[in-house]
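The structure under discussion appears below in the form of structure tokens.
The figures that follow rest on heavy atoms only: side chains count, while hydrogens, waters and symmetry mates do not. Here, residue 1 is the first one in the sequence, and each next residue gets the next number.
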Amino acid sequence: MFGPDTKEPVDAAKLPEAITLKPDESEGGSSKAAQSREDMRRRHSTLIQCLRDERDLQLEERTQMAIDHDYYDHLQWREEDAAVLIERGQAPLVFNEARQSIDWVCGIQRRQRTDDAVLPREKNDEKSAEIKSKYFKFVSDTNLAPWHESQAYKSAVIGGLGWLEEGINTNPGEHKIYSGSEDWRNVYRDSRSRQFDQKDARFQFRHKRIDLDYAIALLPQAKAHLIQHAGQYDERMQDDLWYLGERLTGSTDLTGSNGYLPSQFGERSAYIGGSQNMDHGRRLSVDMIEAWYRVPETVQVFGNGPLRGKEYNPKDAGHQQLESDRWKLYQAVTMRMRVMVCTESAPLWDGKSPFRHQNFLLVPVWGYRRGRDGQCYGLMRGMRDINDDINKRASKALYAASSNRMTFEAGTFEDIEEARREAARPDMALSVKRLDAVRFEKPMADMQMNMELLSFDREMLRNTGGVTDPNLGRGQSGQSGKAIGLLQDQGSLTTSDFPENLRLAKQMAGRLRLSHIEQFVTEQEVVRIVGDSSPIEWITINETQPDGTILNDIASNEADYIIGEINHRETFAQAAMESMMELLGKIATYAPQVVMNCLLYTSDAADE
């Protein structure tokens, strides 16, 4: 797919001669360097074609996800519908009932964060695994990893997809191991991949808009090319939509189909989808693409012995010794990760992944996935129509309550429209010759019908979102706390896919982070660990001893990462209290004095 036999190479005129793959040139002569540049061009051509295909394939998904996020941010009125309300003198009010359900599901995740643990692979590695667990927590705290997990989870709940990121930080002022999150708008995945862990994915693209001066500092050999492709950064174009290879302006044009400009909606523009602020700062920047892709490669693998299943490395002395000892080797085809930095018109750098785990650095946090094509959607998708009906029912009820109907004899009014406007005023002063010729009535039946449908919509929305009255603490009076808790647990089962998918994402991201720690944390370092047992704990890793040995060596062996089942903080105390009360209830049937002594002791300890 990405090999030298790839067709349709990039036009050589589009690739400045200064843009070359320096490492490949240094490894061989001019012919090998020329072949390397040609291979890079061909891979770039294939990757860009894949990216353009994904833009078309994911157009529907990304458009719907953008609308889902707009609904969460109160942008729930279409321009044409809002214009109708404004023309009749009524504000397009937003009753964002769906947001409460989203916030509840996200709030549960924040309250039920789980513990991390690193387990040893060998019997003698328990001490090393304990040190890695503490260092893992230090990296998590340094990078604000729980916050990034919550942000990616929230994106998955709303629109169906969020991204966690694990990598290496090259900024000298930051910690070496990086953990963060990425906006779904910047990432294109392989649509053919159906596995949740992306094992069957061939590529992954990330779009970045980088300031021109910073891009030149990163890739000085491509300065002329970057300047040629630089342009002004307009924030309105940040969420690009593409169709058949062409860029669209967005989900709506700057001027709506009704002829309204966003400014004409006044202060209500913040509640109307498609309205955009045209006053944005602009600066010179360039569109960059970071492409991670897998290519097949034939390697030798140990068939038995202590390294069974491991790839043979001819530069490793231990591997050479095992080969000389006649341990069996066999050939296997594996997928190797590569990375390319490029623009759409030319590659700027291409090389092998520096990470030994050979996986993508961006980990998806899935919401729901459509069965027929694997497209993503979130909790908001099923609530949008109901929330639309809530807004419109409320507007119709308000309009019915504020309007007056008139029936009158022909010829009673000279100007019927003027009489209609006057009758609609609360301080109406309408002049008629005969009072019995005019009859006024309030459309209370219409208002009552809309209010009943509004109540039905609200109940339906809560049920669709899986957030019922017991979940919100609105249970019937007289219910015990345990009964309410059981009802809340039952309600949480409706949205159980989201925490399960987050657990999978954390497991995958944790393995990447642990691999990065074992590969790149090789120097002596003193880290601070904040835990529940003690205020502060200091640990020195990779400490060189007088005899030359290394104490707390992080990179000496490999370990496994798991997610603990027990939640922290308040959940620990709650679980302990429930267990104690359940035990005391059983003891009270045959030894009530023991229960009384325990309660008295607990009361005295609390007073002290």
Side-chain angles (χ1 to χ4, degrees), residues 1-10 15 20-28 31-54 57-58 166-167 187-206 289-304 307-316 319 322-323 327-342 346-364 374 508 511-512 515-516 519 558:
M1 181 177 181
F2 303 108
D5 58 343
T6 305
K7 305 300 182 182
E8 299 181 1
V10 175
L15 185 63
T20 56
L21 195 61
K22 298 297 183 181
D24 288 344
E25 290 187 14
S26 62
E27 293 176 2
S31 60
K32 184 175 181 179
Q35 183 62 42
S36 176
R37 290 196 296 269
E38 185 64 23
D39 292 346
M40 183 167 64
R41 290 188 182 97
R42 291 175 175 173
R43 288 193 179 112
H44 174 265
S45 177
T46 303
L47 286 169
I48 294 303
Q49 187 58 53
C50 291
L51 175 59
R52 290 170 179 170
D53 291 342
E54 290 302 327
L57 292 171
Q58 298 179 33
E166 297 292 336
V187 183
Y188 283 90
R189 70 183 193 280
D190 185 355
S191 294
R192 293 186 180 182
S193 172
R194 290 293 183 270
Q195 296 183 15
F196 275 57
D197 58 2
Q198 297 188 105
K199 291 295 184 181
D200 58 340
R202 290 296 303 273
F203 51 78
Q204 188 181 90
F205 299 98
R206 172 158 50 180
I289 298 171
E290 177 186 322
W292 293 78
Y293 60 101
R294 288 186 170 117
V295 295
E297 183 177 322
T298 302
V299 297
Q300 287 189 314
V301 180
F302 285 102
N304 55 4
L307 297 181
R308 181 178 180 274
K310 296 288 186 179
E311 179 184 344
Y312 171 71
N313 182 6
K315 297 181 180 181
D316 190 305
H319 290 195
L322 290 175
E323 183 187 19
W327 289 104
K328 183 178 179 181
L329 294 173
Y330 68 93
Q331 286 189 341
V333 177
T334 186
M335 301 300 290
R336 289 296 189 193
M337 185 68 69
R338 296 182 64 89
V339 58
M340 177 180 290
V341 178
C342 61
L348 306 181
W349 188 88
D350 182 39
K352 296 181 180 180
S353 170
F355 304 100
R356 65 188 182 193
H357 52 65
Q358 300 297 309
N359 290 313
F360 297 112
L361 300 186
L362 291 173
V363 178
M508 294 166 55
R511 290 176 179 175
L512 295 181
S515 177
H516 297 165
Q519 181 178 357
E558 297 180 355

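Inter-residue side-chain proximity for R41 and E38 is flagged as met; some heavy-atom pair is nearer than 4.5 Å. Between H516 and L361, some side-chain heavy-atom pair lies under the 4.5 Å cut-off. Side-chain atoms of K352 and R336, non-hydrogen and from C-beta on, never get closer than 4.5 Å to each other. Counting heavy atoms from C-beta on, the side chains of Q58 and Y188 come closer than 4.5 Å.
Separating the CE atom in M40 from the CZ atom in R338 is a distance of 10.0 Å, to the nearest 0.5 Å. With rounding to the nearest 0.5 angstrom, the CG atom of D53 is 11.0 Å from the CD1 atom of I48. Interatomic distance, OG1 of T46 versus CZ of F203, reported as 11.0 Å (0.5 Å rounding). The structure places CG of N359 at 8.5 Å from CG of D197, a figure rounded to the nearest 0.5 Å. Expressed to the nearest 0.5 Å, how far CD of E54 lies from OG of S191 amounts to 3.5 Å. Atoms CZ and CG, from R43 and D350 in turn, are 5.5 Å apart once rounded to the nearest 0.5 Å.
The minimum heavy-atom distance between H319 and N313, with the atom names listed, is ND1-N, 2.9 Å. For the pair L47 and F205, the tightest heavy-atom approach, listed with the atom from each and the gap, is O-CZ, 3.3 Å. Shortest non-hydrogen contact noted between P347 and C342 is CA-CB, 3.6 Å. Pairing each heavy atom of V301 with each of A332, the nearest pair is CG2-CB, 4.1 Å. In terms of heavy atoms, P296 sits closest to R202 at CD-NH2, 3.9 Å.
Side-chain atoms of H357 do not come within 3.5 Å of backbone N or O of L512 as any donor-acceptor pair. A side-chain donor-acceptor contact under 3.5 Å links D200 to the backbone of R194. Of the possible polar contacts, one joining the Q519 side chain to the P354 backbone as a donor-acceptor pair under 3.5 Å is found.
F302 and Y312 have perpendicular rings, their planes meeting at more than 60° on a 0 to 90° scale where under 30° would count as parallel.
Within a 6.0 Å radius of CZ in R308, no more than 12 heavy atoms belonging to other residues, nucleotides or ligands are found. Within a 6.0 Å sphere centred on CZ of R192, heavy atoms belonging to other residues, nucleotides or ligands number 12 at most.
Checked against Q204 for a side-chain hydrogen bond (donor to acceptor under 3.5 Å, both in side chains), the options E290, R189, Q198, R294 give a single hit: Q198.
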| task | Would you please test M337 and F355 for side chain to side chain contact (heavy atoms under 4.5 Å, CB included) and show each step? | result | CA-CA 9 Å; M337 185 68 69; F355 304 100; over 6 Å; no
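Using modelled atom types, one finds no donor on one side chain facing an acceptor on the other under 3.5 Å when comparing Q358 with S353.
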